[in-house]
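All remarks here apply to the structure that follows.
Keep in mind the model is a prediction, meaning the values are calculated, not measured. One-based numbering, in listed order, for ligands and for the atoms of each.
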Amino acid sequence: MTSQPSSFAPVHVVGGGLAGSEAAWQIAQAGVPVVLHEMRRDGPEPVRTDAHHTDGLAEMVCSNSFRSDDWEFNAVGLLHAEMRACDSLILSAADQHQVPAGGALAVDRDGFSAEVTRRLSAHPLVSIVREEIAGLPPEAWDSVIVATGPLTSPALADAILDLSGEGQLSFFDAIAPIIHLDSIDMDIAWRQSRYDKEGPGGDAAAYINLPMNKAQYEAFIDALLAGPKAEFKEWENVPYFDGCLPIEVMAERGRETLRHGPMKPVGLTNPRDPLVKSYAIVQLRQDNALGTLWNMVGFQTKLKHGAQAEVFRMIPGLENAQFARLGGLHRNTFINSPRLLDRNLRMKVAPRLRFAGQVTGVEGYVESAAMGLMAGRFAAAECKGMSLEAPPATTALGALIEHVTGGHLEGGKGSFQPMNINYGLLPPMEAPKTGEDGVKIPLKERGRAKKRLMSLRALHDLKAWLHQA
Ligand SMILES: Cc1cc2nc3c(=O)[nH]c(=O)nc-3n(C[C@H](O)[C@H](O)[C@H](O)COP(=O)(O)OP(=O)(O)OC[C@H]3O[C@@H](n4cnc5c(N)ncnc54)[C@H](O)[C@@H]3O)c2cc1C
């Protein structure tokens, strides 16, 4: 740890959640002073958000789990390993306050938050100011990280909206499930754009189509209507906009509604059965530049996650679907990062402002902290007159940056939606046929073996990046 006085101007971090706490730590550990502005405080008139209950830094607002800690076969476990290699405060405090949770990294949330607060408060280069930044940060601050999370205070959110332009900031997410391409049965599905229309990319076969006959459609609607739905929190007040209604709400309005909406079968011909008109068709649209992830067009939903997997696997071609992301609809605040941010997480129109955490369009405690880690390192390097490139996209950290700053394919208004880390964001590798010992790997275990290879590649490439950085 650096305890020398520093000659650098401070970086200002707005928001002391998972991302802001990690960013502040990374900056201070690089020898650059940091002022962390957090609006939550105790006192005669305590300040909280709708979801936070304490004034502790890095408060976990819901579950106490950082999910799987398995770096070999799970992308979030891999992200843990990479963050540990980067001296992450969040991972170190989590390791210290772990509670038994099988293969998951779960923590005593109070002990964890107290540890993060204690370590930041004790750092000689960190000042913590309990105040709301109620508008654009002052011009005099020439390096700022905005890490104000899904519940960014309204005054700051409005200022970001003004700066970024209409439609570049969302106050709600409307998430449709995303599927790994290699889990779609292409013996049932086919590629075709509606009416064979060529889009700007000149591709008349841009979509993957999944056909349904009448009986399959009816069974699907029954399951959709019967499936358990997640409730909104009282304060969420999420409005339903026509155009992004949850599919189960559409189905409640009439059994045929979906067939005239996102599941309409017109302009598409099943090449395996060209004379028979499909009763309904589900379309998947490419979601990332790598072409490994495909989203279910118009399928935003409040069905509970377990039910989603079950109901959507009833769709022909998706019987064995692996979901990179399941659907949802929440109050959230996030910017259209692919359009607004450069690869260093700076706002293109105001490069003194960086963004980190959930507000960049990642989803989850770990991913938010990971974006804080990267924003902190970028800001510290810049203060020292150095330039720092993001880690390669073969790493989980690099893949997240790549996704939010360019990897996601623009698919019309609202197509950029929050994303968890998953292997589909990393450049694919061939599944190995034999193990390191030369023994043949059974077909059904090759997917796992591929994940392990991708994790090994990621850790190797991260090490090389850390060495150069
Ligand atoms: C209700 C809810 C439940 C969630 N549950 C989970 C879960 O179980 N698991 C999971 O992985 N993810 C969950 N998430 C998603 C997300 O990963 C977490 O919200 C995570 O905390 C995001 O990290 P962050 O640092 O971006 O934001 P936060 O951790 O929310 O930190 C942002 C901080 O900024 C402060 N702030 C806001 N505006 C200002 C301002 N103008 N000035 C100064 N300070 C400000 C806030 O007080 C807050 O401390 C949940 C989100 C919500 C809203």
Above 12 or not: heavy atoms from other molecules or residues under 6.0 Å from [atom1] of [X]?
X	atom1	answer
K304	NZ	no
R343	CZ	yes
E319	CD	yes
K348	NZ	yes
K384	NZ	yes

For [X], take its heavy atoms, then give the atoms of ligand 1 lying under 4.0 Å from any of them.
X	result
R40	47 (O), 48 (C), 49 (O)
H37	43 (C), 44 (N)
V14	42 (N), 43 (C)
G357	26 (O)

Any chance you could measure [X], atom [atom1], to [Y], atom [atom2], to the nearest 0.5 Å?
X	Y	atom1	atom2	result
L57	S21	CG	OG	4.5 Å
L91	Q96	CG	CD	12.5 Å
D287	M296	CG	CE	13.0 Å

For ligand 1 and [X], I'd like to know whether there is a polar contact (N/O to N/O, distance under 3.5 Å).
X	answer
R67	no
Y365	yes
I133	yes
A51	no

Is the closest heavy-atom distance from E131 to ligand 1 below 4.0 Å?
yes
For ligand 1, note which part of [X] has a heavy atom under 4.0 Å away: side chain, backbone, both or neither.
X	value
T49	side chain
V366	neither
H52	side chain
A147	backbone

Just need the protein heavy atom nearest to [atom], so name the residue and atom and give the distance.
atom	result
atom 39 (C) of ligand 1	T148 CG2, 3.5 Å
atom 38 (N) of ligand 1	S153 N, 3.1 Å
atom 5 (N) of ligand 1	C62 CB, 3.1 Å
atom 31 (O) of ligand 1	G17 CA, 3.1 Å
atom 51 (C) of ligand 1	V61 CG2, 4.0 Å
atom 34 (O) of ligand 1	G15 CA, 3.3 Å
atom 47 (O) of ligand 1	E38 OE2, 2.7 Å
atom 26 (O) of ligand 1	Q358 N, 2.9 Å

Run F299 and I315 through side-chain contact (heavy atoms from CB on, under 4.5 Å) and show every step you take.
CA-CA 13 Å; F299 266 56; I315 298 170; 4.2 Å; yes
Taking D50 first and then R331, would you say they form a salt bridge - that is, a charged N and a carboxylate O separated by under 4.0 Å?
yes
Worked check of ring-ring contact (aromatic ring centres under 6.0 Å, His included) between F112 and F66
CA-CA 12 Å; F112 163 77; F66 288 106; 5.3 Å; yes
Applying side-chain contact (heavy atoms from CB on, under 4.5 Å) to V34 and I145, what does each step give before you reach the verdict?
CA-CA 10 Å; V34 51; I145 296 177; over 6 Å; no
All side chain to side chain donor-acceptor pair (under 3.5 Å) counterparts of E248, not counting sequence neighbours
T301
Where the closest heavy atom to [atom] is concerned, which of [options] has it?
atom	options	result
atom 8 (O) of ligand 1	S63, S368, A159	S63
atom 53 (C) of ligand 1	G372, P150, G364	P150
atom 25 (O) of ligand 1	A19, G149, G20	A19

Sequence neighbours excluded - ring pair (Phe, Tyr, Trp, His ring centres under 6.0 Å) pairs with any residue from residues 140-159
H12-W141, H37-W141
